[in-house]
There are 2 protein chains.
Amino acid sequence: MHGPEASPCTAHTTVTEEVSSDVVSIKDVAEAAGLSVATVSRALNGQSAVSDTARAKVLSAAESLGYRPNVVARSLRTDRTRTIGLVISDVLNPYFTELARSVEEEARALGYSVIIGNADERAELEAHHVRSLLERRIDGLLVSPADGHSPLTLDAAEGPTPLVFVDRWIPGCDAPVVRADGRGAIRDLVAHLYGLGHRRLAIITGPAATTTGRERVEAFRAALSELGLSLPESHVGQGDFQAESGRLATERFLDLPERPDAVFATDNLMALGALNAIRVRGLSVPDDIGLAAFDDIPWFPHTAPPITTIAQPTAALGRVAVRALADLISGGPAQSTVLPAHLLVRRSCGEPETSAPTGGATRE
Amino acid sequence: MHGPEASPCTAHTTVTEEVSSDVVSIKDVAEAAGLSVATVSRALNGQSAVSDTARAKVLSAAESLGYRPNVVARSLRTDRTRTIGLVISDVLNPYFTELARSVEEEARALGYSVIIGNADERAELEAHHVRSLLERRIDGLLVSPADGHSPLTLDAAEGPTPLVFVDRWIPGCDAPVVRADGRGAIRDLVAHLYGLGHRRLAIITGPAATTTGRERVEAFRAALSELGLSLPESHVGQGDFQAESGRLATERFLDLPERPDAVFATDNLMALGALNAIRVRGLSVPDDIGLAAFDDIPWFPHTAPPITTIAQPTAALGRVAVRALADLISGGPAQSTVLPAHLLVRRSCGEPETSAPTGGATRE
DNA sequence: GTGCACCGTGGAAACGATTACATGATTGGA
DNA sequence: TCCAATCATGTAATCGTTTCCACGGTGCAC
């Protein structure tokens, strides 16, 4: 905001004079400049008219005193914190990490700071963070609800603080939603598996309480039935988007009298767990069983074998969500956005027909 | 803090009466309870003596009005925000993600919120976050400096705000440091490589401006010389802890007339890049070249082959750092801590002599 | 019965900024 | 020359809390 005016390296050596004075306020600057606090405030914020001489005096006084505005006081007065909250389901999930990073980047570009709350896929932690962020009087909230029924989040969505759902949402809320649509890509994936000769397909789902969890299994089921394939209950493993649940579900698949030809893990962590379970049995991917995932992460090209997956435009989602929220904050209309996900064919479901690229890390 | 007094699910359904009233302050509560704001404040904070009847009136009024304290105002008055800042070098690096997670967890347990700043290994971004966090009047700062010479960070370390370095530090600052010592584990690694018959060893280093970058290459060099091995300049690849630099350095190694027997990538992202470069050449790990890394992440057991690495006690580092900072904030002494890292032998450097465990994901 | 300690409560002053309004000076046009 | 408009500046209210201090009342000890 202030621009890089000060030369980078002199700060530490030259400002040794202003020791002892604990913290300098606008009052101290006013005193040093021989002006009122009102003028100092105006000069620093540069919005109202201030004479050049006064501005110069203020700037030099502020500089030599090492003045740093107290945003706590400013926020109290202006009722704006220039901060947005981001509540995500699991920081350890690289998908959300990338989302958080792009959110922070875009927010910074727009002059906002971001406070991240990690719900760890637990409803009560999500509630804690939502409450804590609201008390902090953030200007807006970005939420990817771990639990579809969290009353506190529901309240927040209908309260005065602008809120945008990202990735997941709560049906029935009128808050805008920014998300990826995986349906098309899932149909492509199923067609890919079918083309490779796989007929007995299985899926590891996310929590039914999440929209993404439901969407992925429904799209999978629909795509199967279009091809005349059935999805028996034994081929549906209930997961929770964490690695351990992927491992357990896969073990059950492998215990079946006729094991599936291929398994679709609906996020990257459960795919990790599935890989783990398969490897422990001494089985091979894709010869003994195929594996596909949702979410692309930098490691997928480097596992053995490289993993076929559905990639979301994660960074774009974060950027769009922040812009939607910023618009909402400045009184604009609610804007929802849906971006398409797409299939990345690698080698974990069998050798692809064409010479597909193995796909490097898709870090943009 | 407040304890889970309210029943979890009634909130959304019962509080529909208090619509319209934009935001309710302590003044409104006082009015509703027929008491002064001073008494309401005391009742809510439960520190000073308040009669039982008054307390009951306050609590019921606050509940029915849906009162939420304004922490901005509170912070202005008390000069404490119950918030700590965490500035890390790269959120996309799973090591720092795990660190951030454990920091947030421990901080929450101690009643603090955490604001994370991602420096992206760029000095000016680090400065931006440090400045922004200080203006926000956080109670304390946890920093893993991307750049060893950032004047702003240096100032902060000597300023009034308590600061603890975590992972990396700035030599010469008297702020406490919480970090892992990789020297012992690096010596173990070199012995392991030597035992497998590798003699021409190479290293991909981190930025020389970081303490961890320097420590790892120095320890490696020392361990080599103890065994009578040399480390020619051609076997030292300058990296920056990001994947791309690992790829480039490895390509140069592979272009050498005599390529190294094994490469040690000093963080997990550069190991990813190295793996990429090796695979593109159609070479095999460990048959054509061995690969070892620093930092264990959940994917390492699942790459082809599983990667031998040095694991840091990451979660413990985060916890200890938060506790050290909290102590500092409450006026305690500066406490530095060094925890040991240790070698995890897998298969990326050659078949180990003994039947070592392949090592599951070491998520604790 | 008087004095003293204590307890619950309210009034009011902070905290550090922004900003509506007032004020004095300057300027321009008639 | 005078009035009004403009401009730079200062005064003071305000945001929502916490907390110091004063005050009246009660109970206990003398």
Minimum-distance nucleotide (side-chain atoms of A:Thr39 versus C:dA17, D:dG10, D:dT17):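 For A:Thr39, the side-chain atoms sit closest to D:dG10.
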Would you say D:dC15 has OP1 or OP2 under 4.0 Å from some side-chain N or O of B:Ser25?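 No, no such contact exists.
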Starting at the 5' end of DNA chain C and moving along, which residue's nearest nucleotide shows up first, B:Ser36 or B:Leu76?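 Counting from the 5' end, the first nearest nucleotide belongs to B:Ser36.
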Between A:His129 and B:Glu104, does any side-chain donor sit less than 3.5 Å from a side-chain acceptor?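 Their side chains do contain a donor-acceptor pair, which is all the 3.5 Å distance test asks for.
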What is the nucleic acid contact for A:Ser41, judged by heavy atoms within less than 4.0 Å: base, sugar-phosphate only, or nothing?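 The answer is base, as A:Ser41 lies within the cut-off (heavy atoms under 4.0 Å) of a base atom.
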CD of B:Glu105: more than 12 outside heavy atoms within 6.0 angstrom?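 Counting neighbours around CD of B:Glu105, more than 12 heavy atoms of other residues, nucleotides or ligands fall under 6.0 Å, so yes.
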Any luck finding a side-chain donor-acceptor pair between A:Ser113 and B:Arg136 under 3.5 Å?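 There is such a pair (donor and acceptor under 3.5 Å, judged by atom type) between the side chains of A:Ser113 and B:Arg136.
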Spacing between B:Asn45 atom CG and D:dT19 atom P, to the nearest angstrom: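 So the CG-P distance, B:Asn45 to D:dT19, works out to 8 Å.
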Among A:Val130, A:Val87, A:Leu141, whose side chain to side chain contact (heavy atoms under 4.5 Å, CB included) with A:Thr153 holds?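 Of the listed residues A:Val130, A:Val87, A:Leu141, the side chain to side chain contact (heavy atoms under 4.5 Å, CB included) partner of A:Thr153 is A:Val130.
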For B:Val50, report the nucleic acid contact type (base, sugar-phosphate, nothing); a contact means any heavy atom under 4.0 Å.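 Sugar-phosphate, no base atom in range.
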Consider the side chain of A:Ala73, meaning its heavy atoms from C-beta on, and name the nucleotide among C:dA17, D:dG10, D:dA8 that approaches it most closely.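 In terms of side-chain proximity for A:Ala73, the closest of C:dA17, D:dG10, D:dA8 is C:dA17.
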Report yes if at least one side-chain N or O of B:Ser75 is closer than 4.0 Å to OP1 or OP2 of C:dC15; otherwise report no.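 No, B:Ser75 has no side-chain N/O under 4.0 Å of OP1/OP2 on C:dC15.
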Taking side chain to side chain contact (heavy atoms under 4.5 Å, CB included) as the criterion, tell me which of B:Val103, B:Val322, B:Leu142 meets it with B:Val114.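 The residue from B:Val103, B:Val322, B:Leu142 that satisfies side chain to side chain contact (heavy atoms under 4.5 Å, CB included) with B:Val114 turns out to be B:Val103.
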Tell me: CG of B:Asp52 to C1' of C:dT9, nearest whole Å?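 Interatomic distance, CG of B:Asp52 to C1' of C:dT9: 15 Å.
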Distance, rounded to the nearest Å, where B:Arg136 contributes CZ and C:dG16 contributes P: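 It works out to 18 Å between those atoms.
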Distance, rounded to the nearest Å, where A:Leu134 contributes CG and D:dG16 contributes C1':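 Value for this atom pair: 17 Å.
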For a quick check of understanding: with a heavy-atom distance under 4.0 Å over all strands, which category does A:Asp79 fall into, base, sugar-phosphate or nothing?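 No contact at all - A:Asp79 keeps every heavy atom at 4.0 Å or more from the nucleic acid.
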Measure CD1/B:Ile26 against P/C:dA12 and give the value in whole Å, please.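 About 17 Å, once rounded to whole Å.
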Take atom CZ of A:Arg77 and atom P of D:dA13, then tell me their distance rounded to the nearest Å.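 Between P of D:dA13 and CZ of A:Arg77: 13 Å.
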In whole Å, what is the span from the CZ atom of A:Arg42 to the P atom of D:dT11?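 The answer, rounded to whole Å, is 11 Å.
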C:dT18 base / A:Arg74 side chain donor-acceptor hit below 3.5 Å: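 No such pair is found, so the answer is no.
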Take atom CZ of A:Arg80 and atom P of D:dC15, then tell me their distance rounded to the nearest Å.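 Rounded to whole Å, this separation is 17 Å.
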Between B:Val37 and A:Val40, name the one whose nearest nucleotide on DNA chain C is closer to the 5' end.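 Residue closer to the 5' terminus by nearest nucleotide: B:Val37.
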Between C:dG8, D:dT19, D:dA8, which one does the side chain of B:Ser51 approach most closely?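 From the listed options, C:dG8 comes nearest.
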